[in-house]
Enquirer: 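Pasting a structure below so you can have a look.
Index from 1, following the sequence.
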Amino acid sequence: MIFLTLEHLFNHISFSIVSIVITIHLMTLVVNEIVELNDSLEKGMLLTFSCITGLLGIRWIFSGHFPLSNLYESLIFLSWSFYIIHMIPYFKNLKKIVNAITAPGAIFTQGFATSGFLAQMRQSTILVPALQSQWLMMHVSMMILAYAALLCGSLLSVALLVITFQNNISLVGKKKLLLNESLFFGKIQYINEENNILQSTHLFSLSNFYRSQLIEQFDHWSSRVISLGFIFLTIGILSGAVWANEAWGSYWNWDPKETWAFITWTVFAIYLHIKTNINLKSENSAIVASLGFLIIWICYFGVNLLGIGLHSYGSFLLKST
C-alpha cells in the first residue's frame with residue numbers, strides 16, 4: 001500500500017511540475033530572455049526527472065522486475081527518456097529548443113499513461129514466461145531510448161520544414177511585389193525604384209538572416225539527435241534478435257513489431273545516408289525524418305492497438321495473466 005501511494009504521489013507531482021515547466025517555457029518565448037525563468041525551467045526539469053526516476057524505482061522494487069513489461073510502464077519510461085535527452089551535456093547549446101520538444105513529449109506520454117485507457121495496466125502483475133529474461137532491460141530500454149531520441153530529432157526536422165516553407169513563401173511574395181512595382185512605374189521612376197528595391201532587398205536579407213541561422217541549427221542538431229537514436233535502435237534490434245533466439249528459437253520471425261522496427265531502422269538509415277550527400281538539400285533529409293516520426297508511432301503503438309503478433313504483451317486487449 002505504501003508503494004502504491006508513493007507511486008501515485010510521484011506521478012502527480014511530476015505531471016504537475018512539467019505542466020508548470022511548459023508554462024514557464026512559453027513565457028520565455030513570448031517575453032525577452034529572463035535568467036530567473038531559465039533557472040526555474042532547468043530546476044523544474046531536474047525535479048520532474050527525479051520524480052519520474054523515483055516512480056520507476058518504486059515500481060521496480062514493488063513488482064520485482066524492471067518496469068518495462070506493459071504499455072503503461074513503457075510510456076512512463078519514454079517520458080523519463082525525454083528528460084534524459086534534455087540533460088545530455090552534449091546538447092547544452094540547444095537547451096531551449098530541445099526543451100520545447102522534450103517537455104511537451106514528456107507530458108503527453110505521461111498524461112496518456114495515467115489516463116483511463118491504461119487503468120488495468122497500472123497494477124503490477126507477474127511477468128509472462130517469455131519476458132522473464134535478463135534481456136528485458138537491455139532490449140526494451142534501448143528501444144524506448146531510441147524512440148525518444150528519434151522522436152525529438154524528427155520534430156526538429158519538422159520545425160526545419162515549417163520554417164523553410166515560411167521562408168520560401170516570404171521570398172516568393174517579395175519577388176511578386178517587386179515585379180509588380182517595376183512594371184507599374186515608368187522608366188525614370190523605375191530607375192529610382194530599382195535603388196529602392198536594392199535597399200529593401202538588403203533589409204529583407206538582414207531580417208531573414210536569423211531565420212537562415214535557425215534552419216541551419218535545426219538541421220545540425222536534428223542529425224545529431226537522430227544519429228544517437230539510430231545507435232540505440234540498432235543495439236535494441238540486435239539485442240532483441242538474441243533474445244528472440246533464446247525465447248522462440250529464431251533470431252527473426254517477421255511478426256508485426258519486428259517488421260515495423262526494421263522499417264523504422266531503414267527509414268532513418270536512408271535519412272543518415274542522405275545527410276552524407278552534400279549535393280542534397282537539408283529539406284530532403286527533413287522530409288524523410290518527418291515520415292519517420294509517423295512510422296515510429298506505428299511501430300510503438302501498432303501492435304498494442306491490434307494486440308497481434310509475438311510482441312503483443314501489454315496491449316489494450318491483453319488482460320492480467
Enquirer: Output yes when a side-chain donor or acceptor of Asn253 lies under 3.5 Å from a complementary backbone atom of Asp255, and no otherwise.
Expert: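 Here the side-chain-to-backbone pair does not exist.
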Enquirer: Minimum heavy-atom separation for Met143 and Ile237, please, with both atom names.
Expert: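 Smallest heavy-atom distance, with atoms named: SD-N, 3.9 Å.
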Enquirer: Are Ile76 and Arg59 packed together at the side-chain level, in the sense that at least one heavy-atom pair is separated by less than 4.5 angstrom?
Expert: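 Side chain of Ile76 against side chain of Arg59, heavy atoms only: no contact under 4.5 Å found.
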Enquirer: So which pairs with a foot in residues 142-151 pass side chain to side chain donor-acceptor pair (under 3.5 Å), sequence neighbours left out?
Expert: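 For residues 142-151: none.
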Enquirer: Taking only residues two or more places apart in sequence or in another chain, which ones pass ring-ring contact (aromatic ring centres under 6.0 Å, His included) with Phe230?
Expert: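 With sequence neighbours excluded, Phe230 shows a ring-ring contact (aromatic ring centres under 6.0 Å, His included) to Trp265, given in chain and number order.
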Enquirer: Kindly write out the residues that satisfy side chain to side chain contact (heavy atoms under 4.5 Å, CB included) with Leu145, not counting sequence neighbours, or none if the list is empty.
Expert: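 For Leu145 the side chain to side chain contact (heavy atoms under 4.5 Å, CB included) partners, ignoring immediate neighbours, are Phe77, Ser81, Met142, Phe232.
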Enquirer: Answer yes if the side chains of Tyr300 and Ser74 hold a donor-acceptor pair under 3.5 Å, and no otherwise.
Expert: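 Ser74 and Tyr300 do have a side-chain donor-acceptor pair below 3.5 Å.
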Enquirer: For Leu47, check side chain to side chain contact (heavy atoms under 4.5 Å, CB included) against everything at least two apart and list the hits.
Expert: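 By the side chain to side chain contact (heavy atoms under 4.5 Å, CB included) rule, Leu47 matches Ile17.
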Enquirer: If you look at every heavy atom in Trp252 and Glu258, which pair is closest and at what distance?
Expert: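 The pair with the smallest heavy-atom distance is CZ2-O, 3.2 Å.
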Enquirer: Applying side chain to side chain donor-acceptor pair (under 3.5 Å), can you list everything that pairs with Trp297, at least two apart in sequence or on another chain?
Expert: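 Expected list: none.
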Enquirer: Only pairs under 3.5 Å count here: list side-chain donor-acceptor contacts from residues 150-158, not counting sequence neighbours, and write none if there are none.
Expert:
| unit_1 | atom_1 | unit_2 | atom_2 | d |
| --- | --- | --- | --- | --- |
| Ser154 | OG | Leu150 | O | 2.7 |
| Ser154 | OG | Ala289 | O | 3.2 |
| Ser157 | OG | Gly153 | O | 3.3 |

Enquirer: Could you work out, with side chain to side chain donor-acceptor pair (under 3.5 Å) as the rule, every residue matching Thr264, not counting sequence neighbours?
Expert: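 With sequence neighbours excluded, Thr264 shows a side chain to side chain donor-acceptor pair (under 3.5 Å) to no residue whatsoever.
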Enquirer: Using ring-ring contact (aromatic ring centres under 6.0 Å, His included) as the criterion, list what pairs up with Phe262, not counting sequence neighbours.
Expert: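 Partners of Phe262 by the ring-ring contact (aromatic ring centres under 6.0 Å, His included) criterion, ordered by chain and then number, come out as Trp254.
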Enquirer: Does any part of the side chain of Ile52, heavy atoms only, come nearer than 4.5 Å to the side chain of Phe82, both counted from C-beta?
Expert: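 No, their side chains stay 4.5 Å or more apart.
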Enquirer: Do Asp219 and Ser285 touch side chain to side chain, with heavy atoms closer than 4.5 Å?
Expert: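 Yes - at least one pair of side-chain heavy atoms lies under 4.5 Å apart.
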Enquirer: Answer yes or no: is there a side-chain heavy-atom contact under 4.5 Å between Ile84 and Phe49?
Expert: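 Sidechains of Phe49 and Ile84: in contact.
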Enquirer: Measure across Met138 and Ile235 and return the closest heavy-atom pair with its distance rounded to 0.1 Å.
Expert: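 Scanning both residues, the minimum pair turns out to be CE-CG2, 3.5 Å.
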Enquirer: Using the side chain to side chain donor-acceptor pair (under 3.5 Å) criterion, which residues pair with Ser290? Sequence neighbours excluded.
Expert: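 Scan of Ser290 (side chain to side chain donor-acceptor pair (under 3.5 Å), adjacent residues dropped) gives none.
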Enquirer: Applying side chain to side chain contact (heavy atoms under 4.5 Å, CB included), name anything that partners Ile263, two or more places apart in sequence or on another chain.
Expert: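 Ile263 satisfies side chain to side chain contact (heavy atoms under 4.5 Å, CB included) with Thr259, Trp260, Val267, Ile295 only.
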Enquirer: So does Gly236 get a backbone contact from the side chain of His139, meaning a donor-acceptor N/O pair under 3.5 Å?
Expert: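 Here the side-chain-to-backbone pair exists.
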Enquirer: Among residues at least two apart in sequence or on other chains, which ones pass side chain to side chain contact (heavy atoms under 4.5 Å, CB included) with Asn284?
Expert: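 Here the qualifying residues are Ile274, Leu280, Lys281.
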Enquirer: Quick one: list whatever passes side chain to side chain donor-acceptor pair (under 3.5 Å) with Glu246, sequence neighbours left out.
Expert: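 Applying side chain to side chain donor-acceptor pair (under 3.5 Å) to Glu246 gives Trp135.
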Enquirer: For Lys257 and Cys299, indicate whether the former's side chain and the latter's backbone hold a donor-acceptor pair under 3.5 Å.
Expert: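 Yes; at least one donor-acceptor contact below 3.5 Å.
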